[in-house]
There are 2 protein chains.
Amino acid sequence: MTDLPKLFSALSDPTRFAIVERLMTEGELPVADIRQGSTISAPAMSRHLNVLSEAGIVSRRAKAQQRLYAVRPEAIQTINDWTLNHREFWEASLARLEEALMQEMKKK
Amino acid sequence: MTDLPKLFSALSDPTRFAIVERLMTEGELPVADIRQGSTISAPAMSRHLNVLSEAGIVSRRAKAQQRLYAVRPEAIQTINDWTLNHREFWEASLARLEEALMQEMKKK
DNA sequence: TCGTTAATTAGCATTTATGTTAAACAGTGA
DNA sequence: TCACTGTTTAACATAAATGCTAATTAACGA
């Protein structure tokens with residue numbers, strides 16, 4: 001269910017990453033709106049949205065002929081959870097790094 | 001500097017993701033140790049480590065003939081920061097979802 | 001029903017990613 | 001110096017990702 005590599009794979013493409021960021025700030029949007037400002041073709045956009053959907057990052061619902069896409073908050077939370085699971089690692093490491101820098105400062 | 005898609009791309013491969021998880025729990029390791037248990041060839045491993053290095057996810061240092069790799073904590077923190085930047089989005093959305101579920105429960 | 005709008009699917013070309021084996025390079029220690 | 005260990009680079013094959021145009025599907029509204 002929570003396949004991190006698959007989530008990361010979906011977000012590894014700059015176009016898709018931009019789509020996700022846009023949907024998070026603007027909320028649910030139809031395909032045509034998502035495509036606004038982008039130079040990408042409609043079929044290419046459709047496939048990008050499908051990749052995001054397959055990874056569970058976006059939801060899709062119909063409204064007349066339109067298809068409305070939105071970011072699924074659980075997806076972002078899954079990534080957040082992963083970083084928090086390793087928080088001890090990066091917090092401790094960063095603390096040590098900071099301390100080392102402090103020592104360097106003192107020397108001068 | 002903080003190219004999220006590039007970070008995600010490096011983590012999108014299951015082999016590389018496993019390497020990163022292992023390095024975070026076990027700490028700095030030489031290539032041979034990282035390769036232990038994996039069926040992957042040495043050259044393939046070398047390239048995976050190079051991808052992680054290029055993305056800024058791991059550091060590399062020499063010790064005799066060995067090359068020791070370790071996860072750079074800043075990389076994980078960068079991802080954590082990204083999720084936190086959008087925290088309002090997923091926290092609020094999840095709260096609404098939870099509330100909706102509550103309403104459903106009441107109906108029964 | 002028919003034309004229009006919105007989006008997806010099909011088919012194809014090109015690039016990028018991944019894996020393998022063989023060869024090269026660098027440091028160690030006899 | 002020479003053989004050994006550890007790792008990377010080279011060369012190549014194959015699979016997967018991405019983009020395009022053309023065709024198809026679905027819903028709306030005159």
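Per chain, numbering begins at 1; letters A, B, ... match sequence-line order. Note that these values count all heavy atoms, side chains included, but never hydrogens, waters or copies made by symmetry.
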Provide, to the nearest angstrom, the distance between the [atom1] atom belonging to [X] and the [atom2] atom belonging to [N].
X     : N      : atom1 : atom2 : answer
B/Q65 : C/dT28 : CD    : C1'   : 5 Å
B/F17 : C/dA17 : CZ    : C1'   : 19 Å
B/L49 : D/dT8  : CG    : P     : 7 Å
A/R35 : C/dA6  : CZ    : C1'   : 10 Å
B/L29 : D/dG6  : CG    : P     : 15 Å
A/I34 : C/dA6  : CD1   : C1'   : 13 Å
B/K6  : C/dA17 : NZ    : P     : 10 Å
B/H48 : C/dT20 : NE2   : P     : 9 Å

Nearest listed nucleotide, side chain of [X], among [options]:
X     : options               : value
B/R67 : C/dG19, D/dT8, D/dA22 : D/dT8
B/Q66 : D/dA22, C/dA22, D/dG6 : D/dG6
B/D13 : C/dT18, D/dT9, D/dT7  : C/dT18
B/I40 : D/dT7, D/dT9, C/dG19  : C/dG19

What does [X] touch in the nucleic acid at a heavy-atom separation under 4.0 angstrom: a base, only the sugar-phosphate, or nothing?
X     : result
A/A44 : sugar-phosphate
B/R16 : sugar-phosphate
A/R60 : sugar-phosphate
A/A42 : base
A/N50 : nothing

inquiry  = So, applying side-chain contact (heavy atoms from CB on, under 4.5 Å) with A/H48, which one of A/I40, A/V58, A/I34 is it?
reply    =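 For A/H48, the side-chain contact (heavy atoms from CB on, under 4.5 Å) test succeeds with only one of A/I40, A/V58, A/I34, which is A/I40.
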key: Minimum heavy-atom distance between B/S59 and B/R72, given as atom pair plus value   =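 Answer, listing the atom of B/S59 first, then B/R72: N-CG, 3.6 Å.
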key: Under 3.5 Å: donor-acceptor pair, side chain of B/W90, backbone of A/V71   =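 No: the side chain of B/W90 does not pair with the backbone of A/V71.
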inquiry  = Please tell me if A/S41 has a side-chain N or O lying less than 4.0 Å from either OP1 or OP2 of D/dG19.
reply    =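 No, because none of the side-chain N or O atoms of A/S41 sits under 4.0 Å from OP1 or OP2 of D/dG19.
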ask   = Within the structure, does a side-chain N or O atom of A/Y69 lie under 4.0 Å from either OP1 or OP2 of C/dT8?
value =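 A/Y69 to C/dT8 OP1/OP2: side-chain N or O found under 4.0 Å.
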Residues, nucleotides or ligands: over 12 heavy atoms within 6.0 Å of A/E88 CD =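 Not more than 12 within 6.0 Å, no.
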inquiry  = On DNA chain D, does the nearest nucleotide to A/S9 precede the nearest nucleotide to A/T39 from the 5' side, or the other way round? Give the residue.
reply    =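 Between the two, 5'-proximity favours A/S9.
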query = Should the ring pair A/W82 and A/F8 be called parallel, tilted or perpendicular, given that the plane angle runs from 0 to 90° and is split at 30 and 60?
reply =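 Judged by the thresholds at 30° and 60°, the geometry between A/W82 and A/F8 is perpendicular.
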message = Between the base of C/dG19 and the side chain of B/R47, is there a donor and acceptor pair under 3.5 angstrom?
response =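 Present.
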message = Quick check: is A/Y69 connected to A/M24 through a chain of hydrophobic side chains (ILVMFWY, heavy atoms under 4.5 Å apart)?
response =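 In one cluster with A/M24: A/Y69, yes.
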